[in-house]
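Single-structure report; data block below.
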Amino acid sequence: MKIQAIDTVVSNWSGDCLGIGFFEDNVDLENQLTQLDQRLGNILQELMHETEFTGKSGEQPWTRISGQGPVRKIMLIGLGGKEDFSLETLRQAAATFVKTAQKQKAANIGLQLPHCHEDATASAQAMAEGIELALHQDIRFKSDPEAQKASEYPQDISLFGVENQAAAIEKAQKICAGVLLTRELVAAPANVVTPSALADTAAQIAADHGLTLEVLEREECEAQGMGAFLGVSLASDLPPKFIHLTYKPSGTPRRKLAIVGKGVTFDSGGLNLKVGGSGIETMKMDMAGSGATLGAAKAIGQLQPDVEVHFIVAAAENMISGHALRPGDILTASNGKTIEINNTDAEGRLTLADALVFAEKQGVDAIVDLATLTGACIVALGQEIAGMWTPEDSLAEELTQASQQAGEKFWRMPLEDKYFEGLKSPIADMKNTGPRPGGSITAALFLQQYIEKTPWAHLDVAGPVWTEKEHGYLNVGATGFAVRTLVNWVMG
Ligand code: BES
Ligand code: MN
Ligand code: ZN
């Protein structure tokens, strides 16, 4: 599949399927479109009239054009109201169009959409993102080669009105290569994506894009006192891997940042086993934070910003066995703080505790962690919005900007100090689990104990990393959530 910005005008183009975007209640034909309509025997006007097309978002009538004319099919794409027009509108419209073209086996397609905020560069990037993400199909685990067929279409995608924006399209493709890596890591089962497989993926990224990689084995983690992280890995037959991937720019870095991702490759709950209805069968996705971390590393390795970035994943599997962490056990994290384990299913925060301490030792200007940390966050914000906790208004602002540009939704939540009472332990410095109410807040407060002074934000991405319904550029399964936000944050 090839995406290109062409300088042909839409009225002179020939190919299998042409898509044209219209704003709501603004579906008049002008200039080139009038010429196109004349050339195609008034088919545009006829289609609009027949389908009572108004340009509402979601409307996408199409028709076949008979004869051997230059264009075989035409599709009108409703963009909704001009006042709601955003880069996300472009991603969604491009996604809808290419998905339809794919189903109809159109090889050579053209798309005309307006620019958002008169920014041809950002618009071209958004269209290319929508296309790349929508067309991704994960057929790695299908044995039937027939299943592969749908992915042959479309082959050539031409974008009108963004000539000279080849660089923006290339940028989108670099970013999407990161997003698609994340999707494939998260969608792969836990017998494929193990802690070692995450370390191997990091090694591949390092080799492909010139990052440096350090992987701490169990003994080295022991030497660093990472008792919280190692506690989670005790019952697994798979060795834990502490992954530290570093991107350094060639000149002096403008900033130094750390991205820390939860990498629990399977979360059985441990001895507090996930039973009846707690979703144990979905827990291969409990490494989605680390998936996004590695996806962002792949994108950033290609984009080469003037920012130093540390990508950190404490990867482990939360299992049961005679070696398992017990409820009531006390662990000591690498900053010396002691933790009474009152629930082995609150394991993500244990892995992150040592990862955050390690991140801060790198001497960075800011740390962002991402984790499928709590079911409570999904209860609070639903499937499509991630939670954000940070004591730092400026970091909240940076991340909000980055996420809006990416079309990914975050909502800032309170770091309510008083709720730390729920984590008080009579015997250790803290428990790992608070009461059910406010469960995603106490989880964030727990993490905060492992940050001393560096500006830090915690993103609970439990909801948006997975979707059961196909919509826009998201297909069923892993979404690759947060990679584009992270990339924007680092680049911005
Ligand atoms: N990985 C889960 C959180 C989760 C739940 C992610 C559902 C995605 C979907 C996490 O390790 C967990 O088990 N959290 C517990 C915490 C509780 C024991 C305090 C939870 O949310 O129930
Ligand atoms: Mn758990
Ligand atoms: Zn978990």
Side-chain angles (χ1 to χ4, degrees), residues 186-187 190 193 195 198 228-229 231-236 240 260-292 313-320 324-329 331 339-353 355 369-387 389 413 419-420 422-425 430-447 458-468 477-479 481-482:
V186 177
V193 170
L198 286 177
F229 166 48
V232 175
S233 74
L234 286 173
S236 176
V260 178
K262 171 175 171 181
V264 173
T265 59
F266 185 70
D267 180 12
S268 72
L271 287 175
N272 291 97
L273 189 63
K274 287 190 183 290
V275 287
S278 52
I280 192 171
E281 69 283 355
T282 67
M283 282 301 140
K284 67 174 183 184
M285 54 72 120
D286 213 15
M287 38 57 68
S290 65
V313 176
E317 193 186 39
N318 189 23
M319 298 296 271
I320 50 174
L325 184 65
R326 306 164 195 82
D329 284 0
L331 300 175
I339 306 158
E340 180 190 4
I341 306 304
N342 58 335
N343 191 326
T344 60
D345 198 11
E347 84 299 337
R349 61 196 76 180
L350 298 173
T351 66
L352 290 168
D369 80 66
L370 301 94
T372 47
L373 204 62
T374 65
C377 193
I378 308 180
V379 173
L381 297 174
Q383 210 65 53
E384 291 177 31
I385 306 173
W389 284 260
M413 302 279 276
Y419 289 3
F420 190 74
L423 290 170
K424 289 241 161 89
S425 162
M430 69 197 83
K431 297 190 290 193
N432 74 329
T433 311
R436 253 168 70 87
S440 62
I441 300 176
T442 43
L445 290 168
F446 178 93
L447 297 180
H458 159 58
L459 307 176
D460 193 332
V461 295
V465 297
W466 194 266
T467 179
E468 287 302 334
T479 58
F481 185 81

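Note: hydrogens, waters and symmetry copies are ignored here, and every other heavy atom, side chains too, is used. Counting starts at 1 for both ligands and their atoms, following the listed order.
Of the protein's heavy atoms, M285 CE, 3.5 Å lies nearest to atom 8 (C) of ligand 1. From the protein, the heavy atom lying nearest to atom 18 (C) of ligand 1 is N343 ND2, 3.3 Å. At the shortest separation from atom 16 (C) of ligand 1 among protein heavy atoms lies R349 NH2, 4.0 Å. Closest to atom 15 (C) of ligand 1, if we only count protein heavy atoms, is D345 O, 4.1 Å.
For atom 22 (O) of ligand 1, no protein non-hydrogen atom is found at a distance below 4.0 Å.
Judged by distance alone, with hydrogens and angles left aside, the side-chain atoms of S268 form no donor-acceptor pair with the main-chain N or O of L273 at under 3.5 Å. N272 contributes a side-chain N or O that, together with a main-chain N or O of T344, makes up a donor-acceptor pair within less than 3.5 Å. Panel note: side chain Q383, backbone G463; a donor-acceptor pair is recorded below 3.5 Å. Looking at S236, its side chain never comes within 3.5 Å of a backbone N or O of S233 through a donor-acceptor pair. With hydrogens and angles disregarded, a donor-acceptor distance shorter than 3.5 Å links the side chain of D329 to the backbone of R326. Panel note: side chain T372, backbone V461; no donor-acceptor pair is recorded below 3.5 Å. Between the side chain of N432 and the main chain of N342, a donor-acceptor pair closer than 3.5 Å is present.
In the candidate list V465, L373, V379, L373 is nearest to atom 14 (N) of ligand 1, counting heavy atoms. Considering M283, K262, Q383, E347 only, the shortest heavy-atom separation from atom 9 (C) of ligand 1 involves M283.
The closest approach of D267 to the Mn ion (ligand 2), by N/O/S atoms, is made by OD2. The Zn ion (ligand 3) sits nearest to atom OD2 when only the N, O or S atoms of D286 are considered. If you look at E347 and ask which of its N, O or S atoms sits nearest the Zn ion (ligand 3), the answer is OE2. When you scan the N, O or S atoms of E347 for the one nearest the Mn ion (ligand 2), you land on OE1. The Zn ion (ligand 3) sits nearest to atom OD2 when only the N, O or S atoms of D267 are considered.
Those atoms of ligand 1 with a heavy atom of T433 less than 4.0 angstrom away are 19 (C). If you number the atoms of ligand 1 from 1 as listed, the ones under 4.0 Å from a heavy atom of D286 come out as 1 (N), 11 (O). Against a heavy-atom cut-off of under 4.0 Å, T372 is close to the following atoms of ligand 1: 1 (N), 2 (C), 3 (C), 6 (C). Distances below 4.0 Å separate heavy atoms of I378 from the following atoms of ligand 1: 9 (C).
Polar contact with ligand 1: present for G375 (N/O pair, distance under 3.5 Å). For a threshold of 3.5 Å applied to N or O pairs, the pair formed by D267 and ligand 1 contains at least one separation below that value. For a threshold of 3.5 Å applied to N or O pairs, the pair formed by K274 and ligand 1 contains at least one separation below that value.
For Y419, the OH atom is loosely surrounded, since the number of other residues' heavy atoms within 6.0 Å does not exceed 12.
For the atom pair CG of D460 and CD1 of I378, the computed distance is 7.5 Å after rounding to the nearest 0.5 Å. Note that the CZ atom of R349 and the OG1 atom of T374 stand 7.5 Å from one another [nearest 0.5 Å].
For A346, every N, O or S atom stays at 2.8 Å or more from the Zn ion (ligand 3).
Across all their heavy atoms, A376 and S440 have their closest contact at CB-N, 3.7 Å.
We find that K262 and E347 are joined by a salt bridge, their nearest charged nitrogen and carboxylate oxygen being less than 4.0 Å apart.
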